[in-house]
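Each remark here refers to the structure printed beneath this line.
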Amino acid sequence: MSSNQSLSNLDLSVLWHPCTQMKDHETFPIIPIKKGQGIWLEDFDGNRYLDAISSWWVNLFGHANPAINAALKDQLDTLEHVIFAGFTHESAVKLAEKLVEITPEGLNRCFYADNGSSAVEVALKMSFHYWRNLGQIQKTQFITLENSYHGETLGALAVGNVSLYKETYAPLLMDVITVPGPDCYHRESGESWSDYSTRRFTLMEQALQQHSDTVCAVIIEPLVQCAGNMRMYDPVYLKLLRAACDKYHVHLIADEIAVGFGRTGTLFACEQGAISPDFMCLSKGLTGGYLPLSAVMTTDQIYQAFYADYQSMSAFLHSHSYTGNALACRAALATIDIFQQHNIIRKNKSLADSMAKAAIRFHDHPNVSEVRQTGMILAIELVKNKRTREPYPWQERRGLKVYQYALSKGVLLRPLGNVIYFMPPYIVTEEELLLIAEVAWQGIQHAVKD
Ligand code: PMP
């Protein structure tokens, strides 16, 4: 019989975990999870943890969700996977149809990959290749926003801007044009989100004006820069950017890997700017947090630029072995079904209100510079000095103290640096939101006390 201790010892002797300094586990135990049920995870010693960050933002409707489980069991008995070149299958076709239906107007083509970073690679390559197929071979660059994050593979890392992940690998990465962003944390006091985001757009407009000849696409995370400490901006920026991309003949890539599927209050964040990007990258919540799958949605116009006789050598030859995996597609179909049958977007509005209410007390905390929220994402920024917003030195790892405290109280909150955030599955109840907030409050008290 495994226990926490026996399994962690074994784990640490053979495994290497993501986004982790493994030496930390000499002092902080790794937690072996035995099972998940709804919003709760349970370890091998019987301790329970409320999954307040949806297991890295993927889980939407709880662990072991009965509807997704049933769909997967059926799929498992029918077809687990098949090569996706020269072959297709029912779940992949139905899912693509569904995605075309629910994503913004004009996104009529679906290309599958198997994780978020790969979807970003696909969008970057497709954009570049589109211009090349049109004879515009001078278009080889990408514009990205300061503080953005698009994944860890080399292309995705290159268009990201979080130095913690990027700096070490800089010599390996393609050059990109990085534009100061619309992150409203930096707005003047009294300035609205929309005024600030509009003001900051002039810098993007300048970059587009200057570089449009050589730029393939602008890539953004619409509304919330999640891995960039949950920094947020106003939908007006999306509107302005769409218009400018059209004006300067540059593609717009919307990376909705983290913000898609209801996180920002609408099914897709782009809806709040009433825009359609040229590429939309989806993953994470796409399968309800069950299986790795991603999709790049794009337009007929882009698809047509690749559609020609084989000899023209204009095909998009990118591939991954698990493209269009049948189990993952079926989990995604079951997930979208839940959205539609249970009117989740409408229900989430009152859940988001409850989350705001649960977090009201944090606004006045002496070590909180900002509580910000977009839909089902709420972030609390811890600082050393509320008035000057001086951050805590990163070496002090205050956020980590909150994390460890919260775990001891049965809540999984995994801060980004010193930003504590709530990003729960949509099955969270009001009581559970109050519990998350109470434990976060105590955790912050614990973390700032000396
Ligand atoms: N883009 C965004 C906006 C993300 O938040 C992430 C993952 N955190 C990725 C891309 C990369 O996805 P994956 O981890 O599945 O490669």
Side-chain angles (χ1 to χ4, degrees), residues 17-20 51 53-60 103 111-127 142 144-166 169 173 176 178 181-183 217-233 237-238 252-264 268-270 277 279-297 318 320-325 328 331-332 335 374-377 379 414-417 419 421 423:
H17 287 264
C19 206
T20 300
D51 188 354
I53 56 152
S54 301
S55 284
W56 258 348
W57 326 336
V58 298
N59 190 291
L60 301 186
T103 52
F111 187 98
Y112 291 122
D114 48 20
N115 63 76
S117 303
S118 299
V120 169
E121 302 285 345
V122 165
L124 297 174
K125 284 176 71 179
M126 262 185 190
S127 173
F142 295 94
T144 184
L145 287 178
E146 184 185 7
N147 193 45
S148 57
Y149 179 90
H150 298 287
E152 297 293 334
T153 53
L154 294 178
L157 201 56
V159 295
N161 185 246
V162 178
S163 60
L164 177 63
Y165 309 118
K166 184 171 181 174
Y169 306 99
L173 305 177
V176 294
T178 306
D183 167 8
V218 178
I219 181 164
I220 55 156
E221 294 157 273
L223 302 188
V224 187
Q225 295 185 312
C226 293
N229 289 348
M230 299 292 168
R231 292 293 178 78
M232 301 175 182
Y233 61 92
Y237 197 87
L238 303 178
L252 175 55
I253 302 173
D255 175 351
E256 294 229 11
I257 289 161
V259 296
F261 295 99
R263 274 294 161 201
T264 65
F268 299 104
C270 282
F279 300 91
M280 181 182 271
C281 301
L282 302 171
S283 190
K284 289 195 186 271
L286 171 62
T287 62
Y290 265 66
L291 285 154
L293 179 70
S294 59
V296 178
M297 304 303 295
H318 186 104
H320 295 288
S321 316
Y322 281 100
T323 298
N325 175 262
T335 301
T374 299
M376 289 298 291
I377 307 173
R414 194 181 198 271
L416 289 153
V419 173
Y421 66 90
M423 201 154 161

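Keep in mind that the numbers below use all heavy atoms, side chains included, and drop hydrogens, waters and symmetry copies. Counting starts at 1 for both ligands and their atoms, following the listed order.
Under a 4.0 angstrom heavy-atom cut-off, Trp56 registers as lying outside contact with ligand 1.
Glu146 and Thr178 form no side-chain donor-acceptor contact under 3.5 Å, judged by distance and modelled atom types alone. Inspection of the Ser55 and Arg414 side chains reveals no N or O donor paired with an N or O acceptor under 3.5 Å.
Interatomic distance, CG of Leu252 versus CE of Met280, reported as 9.0 Å (0.5 Å rounding). Of the inter-residue distances, the one linking Asn229 atom CG with Tyr149 atom OH reads 13.0 Å to the nearest 0.5 angstrom.
Residue Asn115 has at least one heavy-atom neighbour below 4.0 Å for each of these atoms of ligand 1: 15 (O), 16 (O). Every atom of ligand 1 with a heavy atom of Ser117 under 4.0 Å away is listed here by number and element: 11 (C), 12 (O), 13 (P), 16 (O). Of all atoms in ligand 1, listed by their number and element, those nearer than 4.0 Å to a heavy atom of Ala258 are 5 (O).
Closest to atom 6 (C) of ligand 1, if we only count protein heavy atoms, is Tyr149 CE2, 3.6 Å. Closest to atom 12 (O) of ligand 1, if we only count protein heavy atoms, is Gly116 CA, 3.2 Å. Annotation: atom 8 (N) of ligand 1 to nearest protein heavy atom, Lys284 NZ, 3.0 Å. For atom 1 (N) of ligand 1, the closest heavy atom belonging to the protein is Asp255 OD2, 2.6 Å.
Annotation: side chain of Val120 is in contact with side chain of Asp255 (closest heavy-atom distance under 4.5 Å). Val419 is not listed as a side-chain neighbour of Pro415, based on a closest heavy-atom distance of 4.5 Å or more.
There is a protein heavy atom less than 4.0 angstrom from atom 15 (O) of ligand 1.
Ring to ring, Phe268 and Phe261 are close: their centroids are under 6.0 angstrom apart.
Remark: ligand 1 and Glu221 share no N or O pair separated by less than 3.5 Å (distance only, no angle test).
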